[in-house]
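Working notes, beginning with the structure itself.
FYI, the numbering just counts along the sequence from 1.
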Amino acid sequence: MRGILLIVIDCLRADHVSCYGYDRPTTPTIDSLAEQGIVWEQAHSLSSWTKPSVTSLLTGLYPTQHGAFQGIKRSKGRTAVTTDVLRTAGPTLAEALSEAGWRCGAFMNNAQLGEFTRLNRGFSSYAPNAGKADRLIGIFLEWLEADLDRPFFGYLHFLEAHWPYKPRRRHMTLLGGDRDTNCFRDYSARDFGHLRRAISRGERTLSGDELRQMVVMYDAAVRRLDGKLKIITAMLRELNVRDETAIFVTADHGEEFMEHGGIGHGQALHDELTHVPLVGYVPGSAGGVRRPQPVSQVDLPRTMLDLAGVDAPLPGVNLLDFDAKPRPVCSELRIRRHYMQTIRSGHWKLHRRYHFKPEDGEIDDSQTPPEWVASTSHSLERALYDMTSDPGEQVNLADHPAYSAVRDNLSKELDQWWAGLASGGGVKSECEVEISDEVVQRLRDLGYID
C-alpha cells in the first residue's frame, strides 16, 4: 500500500448522492469510485456538525471519549472566546501512522478545525485554511510530489457543499435549475445563518418553491465539487500511485432541508443529518460491493490502520472485515445544557435527549455526559422510529405500548454502550482553550455566529 486518502465533503447527506439512489446525477465521480469499490449503504456520522465528527474520524473515539462537543462560547464575566478540544492523550490516527514511518498531511477549508483543536497531532503538514477546492487540491498534490518514496496518508476536507451554495450556472442547468433566477443566488453565509436562526425561532419558514430552489442550489454545488474529485484521481494516476492508494470518500454530517422544521446542521441527530455516504476503493479488492448493514464512521481509523499494516492501540473494528461483530451505531450532540444521543439497531432507531438543570445554571464541562446524568438534575425525552416504514422519522413510537419492549431493549443497549465508554477512561485533561479573533471572524463569516 503506497497511500491512504480520506476525503471528507462537508454537509454531504447520503440520500443526495447518486449511487445511494438519488434521482439527480449529482456525483458521477463518486459513483465511478463506488463501481470499483465498496459502498456502505448505512454509514452514520458521530454527530451532526464538524468538530465532534471529525475528531472521531481522526481518533476512533466517540465524542463522550474525546470531549470535543461544543462550538465557541463566551463565559459569563469573561471577554475571551473559548471552545472545547481533543482532550485525550491516546494516539490519533495520524500519530500512529507517523510513528510507523508514514507521511501525514491534512488540507482543509474549515475554521472549526484549526490547530487549536489539537487535531494537528501527528500531521507533518496541517493546513486548516487551505482554501477552496482548486487551491486545496494544488497544495495537497505539491505536498504529495515532494516525497513519493514514503507511504502517505492524506486528509482532504472540502467546504463546497456547505452554505452558501455557489454552483456554476452549467451545473444548475444540468440539474434542472436556473442560477440567475434562484432566490438564494446572492445569499452570503451570514444570510444563511440568519435565516437558519429565524426558522429555528419560528419567525420565518420556507415556501415549497423556496425549499426547491435551496435544494437544487445544494445539489448543483455537490455536482460542482464532484468534478474536482476527478482531478485528484487523475493526478494520482499520473504519479503512478493510483492503483496502490486506498481512497475513502465520506462526509462529516448531512444537511437538513425542513424535514424536522429546520435548515442546516448541528441541531439534531435525525438521519438527514447523520446518514452520510461512505465509499471506499481498496487496491486488489472486488468492486461493486454494497454493504447494507448500519456502520459507524468511528471504525474508519481502525480500518485504515489495518490497511496500512500498523499495529496501534486505537479502538474499533475493521469495516473491511465483513465477518467482524459490529459495534453499536451511535451518535451524540451537545447543545449548551442539552445532550442528545441515538442508537441504530437493525431497522430501529432510538433517540434520547437530556435537558440538564444545574443549580448554578452551568454544566461542569470537566465531566463526561454520564457524569452529568449522575450528578445533575435533568429531564429525559425519548423517541423511537421504525426506519423501514418511517425513514423520515416522523412517527414517534416510544410511548406506544406495542413497542415498549423494543424501546426498553434499545435503551439498555445504549446504556451498556455508554457505560463502556465511561469505563474506558473519559476526558480528564484541559477542558477548553481560547481561540483567536481571526478564528472568531472566520466562524462569523461562515454564518455560525452573529
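Residues Glu255 and Tyr165 bring a donor and an acceptor atom of their side chains to less than 3.5 Å of each other. No side-chain donor from either of Glu160 and His162 sits under 3.5 Å from a side-chain acceptor of the other. For the 3.5 Å distance criterion, the side chains of Asp10 and Thr50 qualify, holding a donor opposite an acceptor. Side-chain contact, His16 with Tyr22: a donor N or O sits under 3.5 Å from an acceptor N or O. At a cut-off of 3.5 Å, with distance as the only test, a side-chain donor of Asp386 or His347 sits close to an acceptor on the other residue. Neither side chain, Asp15 nor His275, offers a donor N or O lying under 3.5 Å from an acceptor on the other. Looking at Thr29 and Lys228, their side chains never bring a donor and an acceptor atom within 3.5 Å of each other. Asn409 and Glu413 are not linked by any side-chain donor-acceptor pair at a separation below 3.5 angstrom, with hydrogens and angles left out of the test. Side chain to side chain, Gln297 and Thr250 meet the donor-acceptor criterion of an N or O pair below 3.5 Å. Glu256 and Gln267 are linked by a side-chain donor-acceptor pair at a separation below 3.5 angstrom, with hydrogens and angles left out of the test. Using a 3.5 Å distance cut-off with no hydrogens or angles, the side chains of Glu381 and His351 do not pair a donor with an acceptor. Counting only N and O atoms by type, the side chains of Asp31 and Thr27 include a donor and acceptor under 3.5 Å apart.
Using a 30° and 60° split on the angle between ring planes, Phe69 and His66 fall in the tilted class, from 30° to 60°. Note: Phe257 and Tyr218 have perpendicular aromatic rings, judged against thresholds of 30 and 60 degrees for the angle between ring planes. The aromatic rings of Phe184 and Tyr187 lie perpendicular to each other, with more than 60° between the two planes, well past the 30° mark.
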* side-chain contact (heavy atoms from CB on, under 4.5 Å) evaluation trace for Thr64 with Tyr339 -> CA-CA 11 Å; Thr64 284; Tyr339 168 75; 3.7 Å; yes

* Asked: Which is it for Trp102 and Phe123 under the ring pair (Phe, Tyr, Trp, His ring centres under 6.0 Å) test, yes or no, and what are the steps along the way?
  -> CA-CA 10 Å; Trp102 285 57; Phe123 286 103; over 10 Å; no

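Screening Arg352, Arg353, Glu332 for a side chain to side chain donor-acceptor pair (under 3.5 Å) with Gln341, the sole residue that qualifies is Arg352.
For the pair Asp243/Pro283, no side-chain contact is recorded, criterion being any heavy-atom separation below 4.5 Å from C-beta on. A 4.5 Å side-chain heavy-atom check between Leu46 and Pro52 finds every atom pair outside the cut-off. Contact check for Leu229 versus Ile9: side-chain heavy atoms found under the 4.5 Å cut-off. Between Val249 and Tyr281, the closest side-chain pair of non-hydrogen atoms is not below 4.5 Å.
Rounding to the nearest 0.5 angstrom, the gap separating the SG atom in Cys19 from the CZ atom in Arg290 is 6.0 Å. Remark: Ile263 CD1 to Glu210 CD distance equals 10.0 Å, nearest 0.5 Å.
At a threshold of 4.0 Å, the pair Glu272-Arg13 does not count as salt-bridged, since none of the basic side-chain nitrogens sits closer than that to a carboxylate oxygen.
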